[in-house]
Amino acid sequence: SVDPPVEPEPPAPCDKWASVSGNNVNAGTQAAPYRNVPYLIAHLTAGQTGCLVSGQRFEEPSGTFVVGQSAGTEANPITIRSSDPSDPAELQAQILLNENADDITFRSIDFVGSPSTDKSVMFNVGGADGIQFVDNDITFRRGICLQLGVTSNRSERVLLEGNRVHHCGVDVTLTGADSGVHGIYILNSFGAVSRNNWIYDNMNRGIQHYPNGDGTHILNNVLDNNGSNLN
């Protein structure tokens, strides 16, 4: 006999909200939402979910999406998701999660690039631990889409599950001094898991696993038509 498919759990209810028509002086309710995504993150407590109004495009100016700490814990992370997973919100931002911005889950969001027109990193997990990317669409034509860890700070327990990571860096003209532009760059992390992702059409490596990606598990991904699929 064949076991029936397991029904996915319904998403957690939205504790606080952000909308492009909102204002950060609001209470963060569905009727009176915040405006900016980093402000939403800063006003969640452990175990809470912040929702971006589905179908909207959030554009965060360069230099404004830096998270210094979060109220998530390993047992009770905070979650940022689209209010309706079947109609994802879009997010254009250059994002840095510093070393105390731990235990944040990003779910069912379309990451559509950075406001920067220079070659850069769109989403830098800069030493934060317990970051999870689940069921997102992730692209940035001007550079690296996801970087796990920075030289001075190791990121631990990062999970990438069920995402589409594509067309990262395809509009960049590389010089001899460039190290490359990749879909996922595991630079300095411990215990990362990349599972059930579709990683395709990226300029250089689909996954660049170098230099300090200890304890990484790469399972059941599709890597297709990248400059090189896995290094």
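The figures that follow rest on heavy atoms only: side chains count, while hydrogens, waters and symmetry mates do not.
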(request) Say whether Val181 and Leu148 are linked into one hydrophobic cluster, either directly or through other cluster members, by side-chain heavy-atom distances under 4.5 angstrom. (result) no

(message) Check this for me, if you would: do Glu59 and Arg57 make a salt bridge, where the nitrogen-to-carboxylate-oxygen distance has to be below 4.0 angstrom?
(response) yes

(request) Take Ser82 and Ser54, measure what side-chain hydrogen bond (donor to acceptor under 3.5 Å, both in side chains) needs, and give me the verdict at the end. (result) CA-CA 5 Å; Ser82 299; Ser54 286; 4.6 Å; no

(request) Please answer: with hydrophobic residues joined when any side-chain heavy atoms are less than 4.5 Å apart, are Leu96 and Ile138 in the same cluster? (result) no

(request) Determine whether Val20 and Ile80 fall in the same hydrophobic cluster, where Ile, Leu, Val, Met, Phe, Trp and Tyr are linked whenever their side-chain heavy atoms lie under 4.5 Å apart. (result) yes

(request) Taking the side chain as every heavy atom from C-beta outward, state whether Leu230 and Asn221 have any atom pair closer than 4.5 Å. (result) no

(request) Determine whether Asn24 and Asn36 make a side-chain contact, defined as any pair of heavy atoms from C-beta on separated by less than 4.5 Å. (result) yes

(request) Check whether the side chains of Ser62 and Ser116 place a donor and an acceptor atom closer than 3.5 Å, and report yes or no. (result) no

(request) For Leu187 and Asn212, run side-chain contact (heavy atoms from CB on, under 4.5 Å): C-alpha distance rounded to whole Å, both residues' side-chain angles, the deciding distance at 0.1 Å, then the answer. (result) CA-CA 6 Å; Leu187 173 65; Asn212 295 312; over 6 Å; no

(message) Just verifying a value: how many Å separate Arg141 CZ and Met122 CE, rounded to the nearest 0.5 Å?
(response) 13.0 Å

(request) Answer yes or no: is there an ion pair linking Arg142 with Asp171, defined by an N-O contact shorter than 4.0 Å? (result) no

(request) Please name the pair of heavy atoms, one in Ala101 and one in Val67, separated by the smallest distance, quoted to 0.1 Å. (result) CB-O, 3.4 Å

(message) Using only atom types and a distance under 3.5 Å, with no angle test, would you say the side chain of Ser155 pairs donor to acceptor with the backbone of Ala128?
(response) yes

(message) Taking the side chain as everything from C-beta on, heavy atoms only, tell me whether Asn229 gets closer than 4.5 Å to Ile207.
(response) no

(message) So, taking the atom named OG in Ser228 and the one named CG in Asn204, what distance separates them when rounded to the nearest 0.5 Å?
(response) 7.0 Å

(request) Output, in order, the C-alpha distance, side-chain angles, deciding distance and verdict of side-chain hydrogen bond (donor to acceptor under 3.5 Å, both in side chains) for Ser21 and Ser19. (result) CA-CA 5 Å; Ser21 61; Ser19 167; 3.0 Å; yes

(message) Pair Leu219, Asn196 - check side-chain contact (heavy atoms from CB on, under 4.5 Å), show working.
(response) CA-CA 7 Å; Leu219 310 166; Asn196 300 327; over 6 Å; no

(request) Would you indicate whether the side-chain heavy atoms of Ile131 and Leu97 approach each other to under 4.5 Å? (result) yes

(message) If we ignore hydrogens and angles and just use 3.5 Å, is the side chain of Asp129 paired with the main-chain N or O of Glu156 as donor and acceptor?
(response) yes

(request) Find out whether Cys145 and Val165 are in side-chain contact, i.e. whether some heavy atom of one side chain is under 4.5 Å from a heavy atom of the other. (result) yes

(message) When you measure from the side chain of Asn197 to the backbone of Asn163, do you find a donor-acceptor pair of N or O atoms at a distance under 3.5 Å?
(response) yes

(message) How close do Asn226 and Asp201 get, counting heavy atoms only, and between which atoms?
(response) OD1-N, 3.5 Å

(message) Between Val170 and Phe140, is the side-chain contact (heavy atoms from CB on, under 4.5 Å) condition met? List the steps.
(response) CA-CA 8 Å; Val170 294; Phe140 175 37; over 6 Å; no

(request) To the nearest 0.5 angstrom, please state how far the OG atom of Ser114 sits from the CD atom of Glu60. (result) 11.5 Å

(request) Kindly say whether Pro33 contributes a backbone atom to a donor-acceptor pair with the side chain of Asn26 at under 3.5 angstrom? (result) yes

(message) For a quick test of reading the model, state the closest non-hydrogen atom pair linking Tyr34 to Ala27 and the distance between them.
(response) OH-O, 3.6 Å

(request) Determine yes or no for a side-chain-to-main-chain donor-acceptor pair under 3.5 angstrom, with Ser189 supplying the side chain and Ile186 the backbone. (result) no

(request) To the nearest 0.5 angstrom, please state how far the CG atom of Asp110 sits from the CD atom of Gln92. (result) 13.0 Å

(request) Tell me whether Val150 is reachable from Leu146 by hopping between hydrophobic residues (I, L, V, M, F, W, Y) whose side-chain heavy atoms are closer than 4.5 Å. (result) no

(message) Given 3.5 Å as the limit, does a donor-acceptor pair link the side chain of Asn136 with the main chain of Ile109, or not?
(response) yes

(message) Ignoring hydrogens, what is the shortest heavy-atom contact between Phe58 and Ala89? Give both atom names and the distance.
(response) CE1-CB, 4.1 Å

(message) Looking at Arg157 and Asp103, is there a salt bridge between them, counting it only when a charged N and a carboxylate O are closer than 4.0 Å?
(response) yes

(request) Output the distance between atom CZ (Arg154) and atom OG1 (Thr151), rounded to the nearest 0.5 Å. (result) 12.0 Å

(message) Parallel, tilted or perpendicular, judged at 30° and 60°: which one describes the rings of His166 and Tyr200?
(response) parallel

(message) How close do Tyr210 and Tyr185 get, counting heavy atoms only, and between which atoms?
(response) O-CE1, 3.1 Å

(request) Mind telling me whether Phe133 and Phe123 have parallel, tilted or perpendicular rings, with 30° and 60° as the class edges? (result) perpendicular

(message) What I'd like to find out is whether the side chain of Arg81 reaches to under 4.5 Å of the side chain of Cys14, using heavy atoms alone.
(response) yes

(request) Answer with yes or no whether the hydrophobic clustering places Val172 together with Phe111; edges join I, L, V, M, F, W, Y residues whose side-chain heavy atoms lie under 4.5 Å apart. (result) no

(request) For the residue pair Asp84 and Ser86, confirm or rule out a side-chain donor-acceptor distance under 3.5 Å. (result) yes

(request) Check whether any side-chain heavy atom of Thr45 sits under 4.5 Å from a side-chain heavy atom of Ile78, and report yes or no. (result) no

(message) Please give me the minimum heavy-atom distance between Cys168 and Asn202, naming the atom from each residue.
(response) N-OD1, 2.8 Å

(message) Which residue is it: Asn231, Ile184, Thr216? I am looking for the one with a side chain to side chain contact (heavy atoms under 4.5 Å, CB included) to His209.
(response) Thr216

(request) With the side chain counted from C-beta on, respond yes when Leu160 and Arg195 share a heavy-atom pair under 4.5 Å apart, and no when they do not. (result) no

(request) Go through Thr173 and Lys119 one step at a time and tell me if the side-chain contact (heavy atoms from CB on, under 4.5 Å) criterion holds. (result) CA-CA 9 Å; Thr173 300; Lys119 174 181 176 285; over 6 Å; no

(message) Donor-acceptor check, side chain of Ser70 to backbone of Asp102, threshold 3.5 angstrom: yes or no?
(response) yes

(message) Nearest 0.5 Å, please: how far is CG in Asn23 from CZ in Arg35?
(response) 9.5 Å

